[in-house]
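Whatever order the structure lists ligands and atoms in, that order sets their numbers, starting from 1. If you read the sequence from its start, that first residue is 1, and numbering goes on from there.
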Amino acid sequence: MNMLKPKHVLTGDGAEVAPLAPNKSTEPTTKIVEAPLAYPRSAEVFRHNRRFIPGGVASVNRAVQPEIVFTKAQGAYIWDLDGNRYIDYHAAFAPHVLGHNDPYVTDAVFSVLKKESSLYGSGTTELEGQLAEVICRHVPAAESVQFLNSGSEATCQAIRLARAITQRDHIIVMQAGYNGWHNDVACNLMTPLDVIGPRLSPGEYPYIPISAGIPLEHQKLVHAVNFNDLQSVEYVCQKYPIAALITEPILQNVGIIKPKAGYLQGLRKLADRYSFVLIFDEVKTGFRHGIGGYGRIAGVMPDLVVFGKAVANGYPIAVLGGKKDMMDWFVHPDSSKRVLLAGTYNAHPVPTAAAIATIDRLLMNGGEVYQKLEQLATSMQNGLEKILAALNL
Ligand SMILES: Cc1ncc(COP(=O)(O)O)c(C=O)c1O
């Protein structure tokens, strides 16, 4: 998720973040190559697209300055229409764990297309069964799974499922968490301090929508609390019948806010005490920290878990998994309890094949991809620290 940043924002651990101003007195030791200032061909395309698309782009989160039209991507690099090549640190908000157009994944996609496979719209496929099996085998929190097309669809279904199971309507979300664009969760992300007021603990913040068009009645069902603040979760549980708490196990949409020791375990205990459904939104953490989700690394089992992004290295698919007795509510024998899960494109063969190949590749040679990622991340962190120290920041 990308938002144009307000001047000061309240993050999940209560830290106030202000934009950094460079200290002009110290020259960095690392050579920084200036980015080009003009993108004439990109500007032309934006002008054209704006005539037909509001804002000129298909996801308004991509409406950022400078306006650049990208044409090609491979591995760590992307190219723009004006011929500039970039290292892609942004990486499309997280899917490309193997880099752009990983050949192994691309081959799997081609082979599905060559087999004249299609969206049949009836029955099941061997591919979706294969993907389900491999995920259930490697993700302890997923005893069974369903497939959707985006992270937002999957978090929406997880919350609906939790409400059906608990027969309660209220949910808890994290201040500074992002779980998608739908009414339950499109709130309280980079909330300016003058809007949200002082840190509340134990307590809850007002629902601050990040979209217009969310009914007031709906907003009353959503309670935003600080991340890393078990007391506030308990405070809300004592006031309202809570169906679910949804959180990223590491907040990754306002920079990085890690869970404090014992926090995720504490959420598990509170879920058991107050009988709410604990949902880990692993759309960003999933498959990027290791196979099995961050829940596995932390040793905490949510009731439901959601994956997207890196699971298919950039192809559109999302996964909702969880305890079998909960997931079975999608096929509940009592139709008044059954939760509707439908979608024309769910488990389309192209992203399904991409996901199988991505997981296969991530598992190869004892998970060497993750070792490489650790090395790269460490060298990135060390390099950034050097630059920041040189700039006296
Ligand atoms: C943690 C998290 N959950 C859910 C979503 C929504 O996923 P999508 O954009 O695929 O709908 C995002 C997207 O950035 C995310 O970061």
Side-chain angles (χ1 to χ4, degrees), residues 1-5 9 11-12 57-64 88-97 139 141 145-162 171-190 209-211 214 222 224 227 244-259 264 267 278-289 293-295 297-298 302 304-322 341 343 345-348 350-352 354-355 358:
M1 176 67 182
N2 170 52
M3 303 285 290
L4 290 179
K5 283 190 187 162
V9 298
T11 62
V57 290
S59 168
V60 286
N61 291 331
R62 298 179 199 157
V64 291
D88 187 9
Y89 289 115
H90 178 273
F93 295 106
H96 299 292
V97 67
V139 180
V145 291
Q146 265 295 2
F147 300 110
L148 300 114
N149 306 288
S150 70
S152 298
E153 285 181 40
T155 56
C156 186
Q157 280 290 0
I159 292 168
R160 180 191 268 179
L161 186 59
I171 63 161
I172 300 177
V173 300
M174 294 298 136
Q175 175 63 39
Y178 181 67
N179 309 111
W181 47 252
H182 52 92
N183 287 358
D184 279 316
V185 293
C187 62
N188 297 68
L189 185 55
M190 294 184 179
I210 57 172
S211 168
I214 300 176
V222 182
F227 190 70
L245 179 149
I246 184 163
T247 184
E248 303 162 71
I250 304 174
L251 295 193
Q252 295 200 343
N253 281 286
V254 283
I256 304 291
I257 302 174
K258 293 183 185 174
L264 298 175
L267 288 182
L278 179 61
I279 306 169
F280 277 178
D281 174 350
E282 298 237 27
V283 168
K284 263 199 173 160
T285 48
F287 296 91
R288 290 168 71 229
H289 290 265
Y294 192 78
I297 294 169
L304 298 175
V305 63
V306 175
F307 297 102
K309 299 199 189 246
V311 68
N313 203 49
Y315 286 87
I317 191 166
V319 183
L320 165 59
L341 187 135
Y345 299 110
N346 289 0
H348 185 286
V350 166
T352 305
T358 301

*Give the intermediate values and the outcome of side-chain contact (heavy atoms from CB on, under 4.5 Å) for residues Asn188 and Met174.*
CA-CA 8 Å; Asn188 297 68; Met174 294 298 136; over 6 Å; no
*With a 4.0 Å heavy-atom cut-off (strictly under), which part of Val283 contacts ligand 1: side chain, backbone, both or neither?*
side chain
*Considering all heavy atoms, the nearest Ala318-Gly151 contact*: CB-N, 3.9 Å
_Regarding ligand 1, does Lys309 bring an N or O atom to under 3.5 Å of one of the ligand's N or O atoms?_
yes
*Does any N/O atom on Glu248 come nearer than 3.5 Å to any N/O atom on ligand 1?*
no
*Of all the atoms in ligand 1, which lie at a distance below 4.0 Å from a heavy atom belonging to Asn179?*
3 (N), 4 (C)
_Enumerated ligand 1 atoms positioned under 4.0 Å from heavy atoms of Ser150_ = 10 (O), 11 (O)
*Has ligand 1 got any nitrogen or oxygen that is less than 3.5 angstrom from a nitrogen or oxygen of Ser152?*
yes
_Shortest non-hydrogen separation from Pro249 to Phe227 and the atoms involved_ = O-CZ, 3.5 Å
*asked:* Please classify the Val306 to ligand 1 contact at 4.0 Å (heavy-atom distances, strictly less than): side chain, backbone, both or neither.
replied: neither
*Do the side chain of Arg62 and the main chain of Ala58 share a donor and acceptor less than 3.5 angstrom apart?*
no
*Does Glu153, backbone or side chain, put an N or O under 3.5 Å from an N or O of ligand 1?*
no
_So, regarding Gly151 and ligand 1 (criterion: nitrogen or oxygen to nitrogen or oxygen, under 3.5 Å), is there a contact or not?_
yes
*asked:* Show the atoms of ligand 1 that are less than 4.0 angstrom away from any heavy atom in Asn253.
replied: 1 (C), 15 (C), 16 (O)
*What part of Gln252, side chain, backbone, both or neither, has a heavy atom within less than 4.0 angstrom of ligand 1?*
neither
*Is the side chain of Glu248 donor-acceptor paired with the backbone N or O of Gly177 at a distance under 3.5 Å, no angle test?*
no
_Is the distance from the ring center of Phe280 to that of Tyr294 below 6.0 Å?_
no
*Closest heavy-atom pair and its distance - Ile257, Ile250*: O-CG2, 3.3 Å
*For ligand 1, which atoms sit closer than 4.0 Å to a heavy atom of Lys284?*
16 (O)
*With heavy atoms only and a cut-off of under 4.0 Å, state how Tyr178 meets ligand 1: side chain, backbone, both or neither.*
both
_salt bridge (charged side-chain N to carboxylate O under 4.0 Å, His left out) involving Asp88 - partner list, sequence neighbours excluded_ = none
*asked:* Main chain of Phe147, side chain of Asn346: is a donor-acceptor contact present, judged purely on distance under 3.5 Å?
replied: yes
